[in-house]
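The structure appears below as C-alpha coordinates.
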Amino acid sequence: MGSITISRAYDPEPTAGAVFLVDGMWPRGVRKEDLRLDGWTRDVAPSPELRTWFGHRPERFAEFRDRYLRELEANPEAVRPLLDAARKGPVTLLYSARDTEHNNAVVLRDHLRHLLATVPH
(Lines give C-alpha, C1' and ligand atoms only; values in the text may rest on other atoms or scores of the structure.)
Protein backbone atom coordinates (compact mmCIF):
# COMPACT_ATOMS: atom_id res chain seq x y z
CA MET A 1 0.00 0.00 0.00
CA GLY A 2 1.13 3.50 -0.77
CA SER A 3 1.26 6.60 1.31
CA ILE A 4 -1.40 9.27 1.05
CA THR A 5 -0.21 12.87 1.13
CA ILE A 6 -1.90 16.19 0.53
CA SER A 7 -0.63 19.26 -1.29
CA ARG A 8 -2.02 22.62 -2.36
CA ALA A 9 -2.73 22.86 -6.07
CA TYR A 10 -0.85 26.19 -6.06
CA ASP A 11 2.35 24.87 -4.49
CA PRO A 12 5.24 23.95 -6.74
CA GLU A 13 6.12 21.03 -4.46
CA PRO A 14 6.70 17.70 -6.17
CA THR A 15 3.82 15.27 -5.82
CA ALA A 16 4.13 11.56 -5.21
CA GLY A 17 2.46 8.79 -7.17
CA ALA A 18 -1.06 9.16 -8.51
CA VAL A 19 -2.35 12.72 -8.19
CA PHE A 20 -6.02 13.57 -7.71
CA LEU A 21 -7.75 16.93 -7.37
CA VAL A 22 -10.30 16.51 -4.57
CA ASP A 23 -12.14 19.84 -4.75
CA GLY A 24 -15.54 20.36 -6.32
CA MET A 25 -14.36 23.42 -8.22
CA TRP A 26 -11.22 23.92 -10.30
CA PRO A 27 -8.54 25.96 -8.44
CA ARG A 28 -8.90 29.62 -9.36
CA GLY A 29 -6.13 30.91 -11.61
CA VAL A 30 -4.63 27.47 -12.37
CA ARG A 31 -4.54 26.32 -15.97
CA LYS A 32 -5.54 22.71 -16.54
CA GLU A 33 -2.30 21.99 -18.38
CA ASP A 34 -0.32 23.18 -15.34
CA LEU A 35 -1.54 20.32 -13.11
CA ARG A 36 -0.39 16.75 -13.70
CA LEU A 37 -3.50 14.84 -12.66
CA ASP A 38 -4.51 11.22 -12.71
CA GLY A 39 -8.06 12.27 -11.92
CA TRP A 40 -10.39 14.96 -10.68
CA THR A 41 -12.61 13.25 -8.12
CA ARG A 42 -15.31 15.90 -7.73
CA ASP A 43 -17.68 13.40 -6.10
CA VAL A 44 -15.50 13.19 -2.97
CA ALA A 45 -15.62 16.96 -2.41
CA PRO A 46 -17.87 18.30 0.32
CA SER A 47 -21.36 19.24 -0.83
CA PRO A 48 -21.76 22.87 -1.86
CA GLU A 49 -24.01 23.42 1.17
CA LEU A 50 -21.40 22.03 3.57
CA ARG A 51 -18.57 23.96 1.93
CA THR A 52 -20.55 27.21 2.14
CA TRP A 53 -21.51 26.59 5.78
CA PHE A 54 -17.89 25.84 6.75
CA GLY A 55 -16.53 28.91 4.98
CA HIS A 56 -12.99 27.85 5.98
CA ARG A 57 -13.61 29.02 9.53
CA PRO A 58 -11.25 27.02 11.80
CA GLU A 59 -13.69 27.17 14.73
CA ARG A 60 -16.15 25.15 12.61
CA PHE A 61 -13.64 22.52 11.53
CA ALA A 62 -14.61 19.82 14.07
CA GLU A 63 -18.26 20.00 13.00
CA PHE A 64 -17.22 20.23 9.34
CA ARG A 65 -15.14 17.04 9.77
CA ASP A 66 -18.09 15.17 11.26
CA ARG A 67 -20.51 16.30 8.56
CA TYR A 68 -18.04 15.66 5.74
CA LEU A 69 -17.28 12.16 7.04
CA ARG A 70 -21.00 11.41 7.00
CA GLU A 71 -21.14 12.55 3.36
CA LEU A 72 -18.15 10.35 2.47
CA GLU A 73 -19.60 7.33 4.27
CA ALA A 74 -22.90 7.82 2.41
CA ASN A 75 -21.06 7.72 -0.94
CA PRO A 76 -18.44 4.93 -0.77
CA GLU A 77 -18.30 4.59 -4.59
CA ALA A 78 -16.86 8.10 -4.87
CA VAL A 79 -13.95 7.12 -2.62
CA ARG A 80 -13.22 3.85 -4.45
CA PRO A 81 -10.87 5.25 -7.16
CA LEU A 82 -8.72 6.84 -4.46
CA LEU A 83 -8.64 3.65 -2.40
CA ASP A 84 -7.77 1.58 -5.44
CA ALA A 85 -4.91 3.93 -6.34
CA ALA A 86 -3.63 3.95 -2.74
CA ARG A 87 -3.59 0.14 -2.68
CA LYS A 88 -1.23 0.24 -5.69
CA GLY A 89 1.15 2.98 -4.56
CA PRO A 90 1.55 6.52 -3.30
CA VAL A 91 -1.28 9.02 -3.79
CA THR A 92 -1.31 12.81 -3.55
CA LEU A 93 -4.58 14.65 -2.91
CA LEU A 94 -4.58 18.20 -4.28
CA TYR A 95 -6.76 20.93 -2.79
CA SER A 96 -6.97 24.69 -3.22
CA ALA A 97 -7.77 26.04 0.27
CA ARG A 98 -5.26 28.45 1.81
CA ASP A 99 -5.51 26.84 5.24
CA THR A 100 -3.28 23.77 5.22
CA GLU A 101 -4.70 22.33 8.46
CA HIS A 102 -8.45 22.94 8.16
CA ASN A 103 -9.64 21.69 4.77
CA ASN A 104 -11.43 18.81 3.10
CA ALA A 105 -8.21 17.11 1.92
CA VAL A 106 -7.06 16.65 5.53
CA VAL A 107 -10.33 14.93 6.41
CA LEU A 108 -10.32 12.86 3.22
CA ARG A 109 -6.69 11.75 3.72
CA ASP A 110 -7.45 10.60 7.27
CA HIS A 111 -10.62 8.82 6.12
CA LEU A 112 -8.73 6.99 3.35
CA ARG A 113 -5.98 5.95 5.76
CA HIS A 114 -8.60 4.59 8.15
CA LEU A 115 -10.32 2.64 5.37
CA LEU A 116 -7.04 1.19 4.14
CA ALA A 117 -6.21 0.01 7.64
CA THR A 118 -9.62 -1.49 8.42
CA VAL A 119 -11.38 -2.52 5.20
CA PRO A 120 -10.13 -5.53 3.23
CA HIS A 121 -10.01 -5.14 -0.55
Side-chain angles (χ1 to χ4, degrees):
M1 269 187 282
S3 64
I4 301 172
T5 58
I6 62 173
S7 181
R8 287 190 77 230
Y10 303 102
D11 291 344
E13 299 175 19
T15 53
V19 180
F20 295 91
L21 179 63
V22 297
D23 286 346
M25 298 186 312
W26 190 262
R28 190 171 295 164
V30 175
R31 297 181 314 172
K32 292 192 178 181
E33 58 271 11
D34 290 342
L35 288 182
R36 180 190 69 80
L37 293 179
D38 293 288
W40 180 11
T41 53
R42 294 179 206 152
D43 291 344
V44 299
S47 66
E49 298 80 16
L50 179 56
R51 185 178 49 79
T52 300
W53 172 83
F54 175 45
H56 298 286
R57 294 171 58 183
E59 68 273 13
R60 291 186 174 178
F61 187 68
E63 179 68 20
F64 169 78
R65 176 187 296 272
D66 291 344
R67 291 182 185 189
Y68 182 36
L69 284 172
R70 285 195 295 270
E71 288 185 359
L72 291 171
E73 289 165 359
N75 192 6
E77 285 305 310
V79 177
R80 187 170 314 282
L82 300 173
L83 280 175
D84 291 345
R87 286 185 174 116
K88 295 175 185 169
V91 169
T92 299
L93 308 177
L94 292 184
Y95 65 96
S96 59
R98 285 188 189 113
D99 189 331
T100 59
E101 295 177 33
H102 306 99
N103 63 67
N104 63 299
V106 170
V107 178
L108 181 57
R109 177 200 59 203
D110 295 347
H111 179 64
L112 291 169
R113 286 177 176 170
H114 171 75
L115 290 175
L116 287 170
T118 60
V119 177
H121 319 9

List the steps, then state whether salt bridge (charged side-chain N to carboxylate O under 4.0 Å, His left out) holds for Arg65 with Asp110. CA-CA 10 Å; Arg65 176 187 296 272; Asp110 295 347; 3.5 Å; yes
Quick check for you: to the nearest 0.5 Å, what is the distance between Met25 atom CE and Arg42 atom CZ? 12.0 Å
Test of understanding: clusters of I, L, V, M, F, W, Y form through side-chain heavy atoms closer than 4.5 Å, transitively. Do Val106 and Tyr10 belong to the same one? no
Describe, in one word, how the ring planes of Phe61 and Phe54 are oriented to each other, choosing from parallel (under 30°), tilted (30 to 60°) and perpendicular (over 60°). tilted
Among Val91, Leu37, Leu94, side-chain contact (heavy atoms from CB on, under 4.5 Å) partner for Phe20: Val91
What do you reckon, is CD of Glu59 surrounded by more than 12 foreign heavy atoms closer than 6.0 Å? yes
Quick check: is Leu35 connected to Val22 through a chain of hydrophobic side chains (ILVMFWY, heavy atoms under 4.5 Å apart)? no
Would you say that more than 12 heavy atoms from the other residues, nucleotides or ligands in this model lie under 6.0 Å from the CZ of Arg36, or not? yes
Test: Glu77 and Arg80 ion pair at under 4.0 Å: yes
Is the shortest distance from a Lys or Arg side-chain nitrogen in Glu71 or Arg67 to a carboxylate oxygen in the other one below 4.0 Å? no
Can you hop from Tyr95 to Trp53 via hydrophobic side chains spaced under 4.5 Å? yes
Membership question, hydrophobic clusters at under 4.5 Å side-chain separation (ILVMFWY): are Leu112 and Trp40 in the same one? no
Can you confirm whether the side chains of Ser7 and Thr92 place a donor and an acceptor under 3.5 Å from each other? no
Look up atom CG in Asn104 and atom OG in Ser96, then write down how far apart they are to the nearest 0.5 Å. 8.0 Å
Atom CZ of Phe64 and atom CZ of Arg51: how far apart are they, to the nearest 0.5 Å? 10.0 Å
Connected via hydrophobic side-chain network under 4.5 Å: Leu21 and Leu82: no
